[in-house]
J.: 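Can you read through this structure? Questions will come right after.
Order of the sequence lines fixes the chain letters, A, B, ..., with proteins taken first and strands second; residue numbering starts at 1 for each chain. Computed from heavy atoms alone, side chains included, the values below leave out hydrogens, waters and symmetry copies.
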Protein chains: 2
Amino acid sequence: MTRLHSGNPLPEISDPVRAMLDSMAAWTGAPEDEAQCPVRDVLDRVGQKWTLLILVALEPSPKRFSQLQRQVGDISKRMLTQTLRQLERDGMVSRQVFPTKPPSVEYALTDLGRSALAPIGALLVWADSNHETIRASREAFDAEEVS
Amino acid sequence: MTRLHSGNPLPEISDPVRAMLDSMAAWTGAPEDEAQCPVRDVLDRVGQKWTLLILVALEPSPKRFSQLQRQVGDISKRMLTQTLRQLERDGMVSRQVFPTKPPSVEYALTDLGRSALAPIGALLVWADSNHETIRASREAFDAEEVS
DNA sequence: CAGCATCCCGATGGATACTG
DNA sequence: CAGTATCCATCGGGATGCTG
């Protein structure tokens with residue numbers, strides 16, 4: 001999927017980002033929160049297997065439960081429900097029930113959810129741009145591990 | 001940690017990012033790769049508990065094994081080794097052994113690793129800016145779940 | 001100092017079956 | 001259609017102990 005890579009930009013770190021990084025680095029391993037750390041649970045979400053796919057699937061337009069399931073692919077109803085609940089709880093996705101018969105439910109991105117796609121998307125673009133480099137690096141690494 | 005939030009920017013989605021998103025959404029659930037998907041394993045890395053902390057810790061300057069362990073906090077040697085190996089394999093971190101006695105090893109960000117911190121940092125800034133909103137949303141959600 | 005090997009537990013998440 | 005409930009396999013990752 002997603003063959004958009006058009007070279008390796010290797011973007012530089014902007015000032016606000018650097019400020020953020022420095023403040024994290026300065027924090028120097030205080031184990032205090034780390035579970036409470038707001039950054040952590042956002043990052044965890046992003047890393048969770050299905051979160052990203054669902055956000056991306058909802059970006060063009062709101063969708064219903066089974067539409068989502070078909071679009072995302074082989075996600076189980078269990079995981080789809082669970083992930084949607086989390087996103088709803090975080091205020092990234094809205095859930096609207098239509099009392100038709102049988103009932104239908106529509107999920108949509110909130111403003112917050114849409115705004116999250118900007119930095120997440122940037123990360124995706126980075127990943128797409130550099131995955132060839134990464135793949136090559138892995139092959140080289142694995143090759144000399146055999147020795 | 002990291003109390004830099006100065007309001008909620010709610011950034012908009014830029015054109016290249018939108019192109020990326022669309023190409024993902026258009027992909028419409030082909031389960032073909034998904035394990036091979038380059039985007040997936042990059043995202044997985046970011047989500048892994050220690051990857052981010054290590055990258056951030058290495059950004060200001062290269063560091064040695066035990067320096068890293070102290071700075072990151074309560075990471076075990078096992079996990080530190082494992083995470084560093086992955087990052088080295090991906091070409092994000094370089095590893096240089098100095099044949100002193102006892103031996104010392106220095107880890108440093110590569111250009112690739114540093115470049116990754118730009119989009120990752122942007123995501124961190126977003127998380128930091130919006131975690132109050134998210135927290136509030138969660139409380140509201142949990143409150144009416146009780147009913 | 002900088003690891004590797006082993007044991008082990010809890011969480012993640014898939015498969016399946018049932019319901020309003 | 002849009003879930004919920006249950007069971008179960010896998011795996012991340014912590015603790016501990018041993019090396020060059």
J.: A:Ser66 side chain to A:Gln69 main-chain N or O, any donor-acceptor pair under 3.5 Å?
T.: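 Checking the backbone N and O of A:Gln69 against the side chain of A:Ser66, no donor-acceptor pair under 3.5 Å is found.
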J.: Please determine whether a side-chain nitrogen or oxygen atom of B:Tyr107 lies at a distance below 4.0 Å from atom OP1 or OP2 of C:dG3.
T.: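 True: B:Tyr107 side-chain N/O within range (under 4.0 Å) of C:dG3 OP1/OP2.
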J.: Quantified as the angle between the terminal helix axes (five pairs each), what is the overall bend of the helix from C:dC1-D:dG20 to C:dG20-D:dC1 to 10 degrees?
T.: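 Terminal axis comparison yields 50°.
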J.: Indicate, with a heavy-atom threshold strictly under 4.0 Å, whether A:Arg78 touches base, sugar-phosphate, or nothing.
T.: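 Contact class for A:Arg78: base.
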J.: What distance separates A:Ser61 OG from A:Glu106 CD, expressed to the nearest 0.5 Å?
T.: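 Answer rounded to 0.5 Å: 8.0 Å.
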J.: Start with the C-alpha gap between A:Asp41 and A:Arg45, add the side-chain angles, then the distance that decides, and say whether salt bridge (charged side-chain N to carboxylate O under 4.0 Å, His left out) holds.
T.: CA-CA 6 Å; A:Asp41 44 43; A:Arg45 287 282 182 284; over 6 Å; no
J.: Take atom CD of A:Gln82 and atom P of D:dG3, then tell me their distance rounded to the nearest Å.
T.: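 Distance check: A:Gln82 CD to D:dG3 P gives 13 Å.
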J.: Given that A:Gln48 and A:Pro103 both sit by DNA chain C, which one's nearest nucleotide is further toward the 5' end?
T.: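 With A:Gln48 and A:Pro103 compared, the 5'-side residue is A:Gln48.
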J.: When the distance from NZ of B:Lys77 to C1' of C:dA2 is rounded to whole Å, what number comes out?
T.: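 That distance rounds to 8 Å.
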J.: What residues in residues 85-95 of chain B put a non-hydrogen atom under 4.0 Å from any atom of DNA chain C?
T.: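 B:Arg85, B:Arg95 - these, ordered by number, are the residues of the stretch whose heavy atoms sit under 4.0 Å from the strand.
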J.: Below the 4.0 Å mark, does D:dC1 have OP1 or OP2 next to a side-chain nitrogen or oxygen of A:Arg64?
T.: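 So the side chain of A:Arg64 is outside the cut-off, no N or O lying under 4.0 Å from OP1 or OP2 of D:dC1.
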J.: So do B:Ile120 and A:Leu123 actually touch side chain to side chain, heavy atoms under 4.5 Å?
T.: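 They are in side-chain contact.
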J.: Looking at B:Ser66, I'd like to know whether one of its side-chain N or O atoms comes within less than 4.0 Å of OP1 or OP2 on C:dA2.
T.: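 Yes, B:Ser66 has a side-chain N/O under 4.0 Å of OP1/OP2 on C:dA2.
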J.: Starting from P on D:dG13, measure out to CD1 on B:Ile75 and report it in whole angstrom.
T.: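 For the pair B:Ile75 CD1 and D:dG13 P, the rounded distance is 10 Å.
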J.: To the nearest Å, give me how far apart CG (B:Leu80) and P (D:dG14) are.
T.: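 So the CG-P distance, B:Leu80 to D:dG14, works out to 11 Å.
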J.: Between atom CE in B:Met79 and atom P in C:dA2, what is the gap in whole Å?
T.: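 In whole Å, C:dA2 P lies 18 Å from B:Met79 CE.
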J.: Can you measure from NZ (A:Lys63) to CD1 (A:Ile54) and round to the nearest 0.5 angstrom?
T.: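 Here the interatomic distance stands at 12.0 Å.
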J.: Answer yes if A:Phe98 and A:Leu84 sit in the same cluster of Ile, Leu, Val, Met, Phe, Trp and Tyr residues linked by side chain heavy atoms under 4.5 Å apart, and no otherwise.
T.: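 No; A:Leu84 is not reachable from A:Phe98 via cluster members.
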J.: Within this structure, what is the CG-to-C1' distance between B:Leu53 and D:dG13, rounded to whole angstrom?
T.: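 Result: 15 Å.
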J.: Measure from NZ on A:Lys101 to C1' on D:dC1 and round the result to the nearest Å.
T.: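 Whole-Å distance recorded here is 13 Å.
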J.: Please tell me if the side chains of A:Asp22 and B:Glu59 come closer than 4.5 Å, counting only heavy atoms from C-beta onward.
T.: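 SC-SC contact between A:Asp22 and B:Glu59 confirmed.
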J.: In whole Å, what is the span from the CD atom of A:Gln69 to the P atom of D:dC1?
T.: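 After rounding, the gap between these two atoms is 10 Å.
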J.: Of the non-hydrogen atoms in B:Asp90 and B:Leu112, which two are nearest, and what is the gap between them?
T.: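 Looking at all heavy atoms of both residues, the shortest contact is O-CD2, 3.5 Å.
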J.: Report yes or no: does A:Ser129 contribute a side-chain atom to a donor-acceptor pair with the main-chain N or O of A:Val125 at less than 3.5 Å?
T.: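 At least one qualifying donor-acceptor pair exists.
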J.: For C:dG14, does either OP1 or OP2 sit under 4.0 Å from a side-chain N or O belonging to A:Lys49?
T.: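 It does, given that an N or O in the side chain of A:Lys49 lies less than 4.0 Å from OP1 or OP2 of C:dG14.
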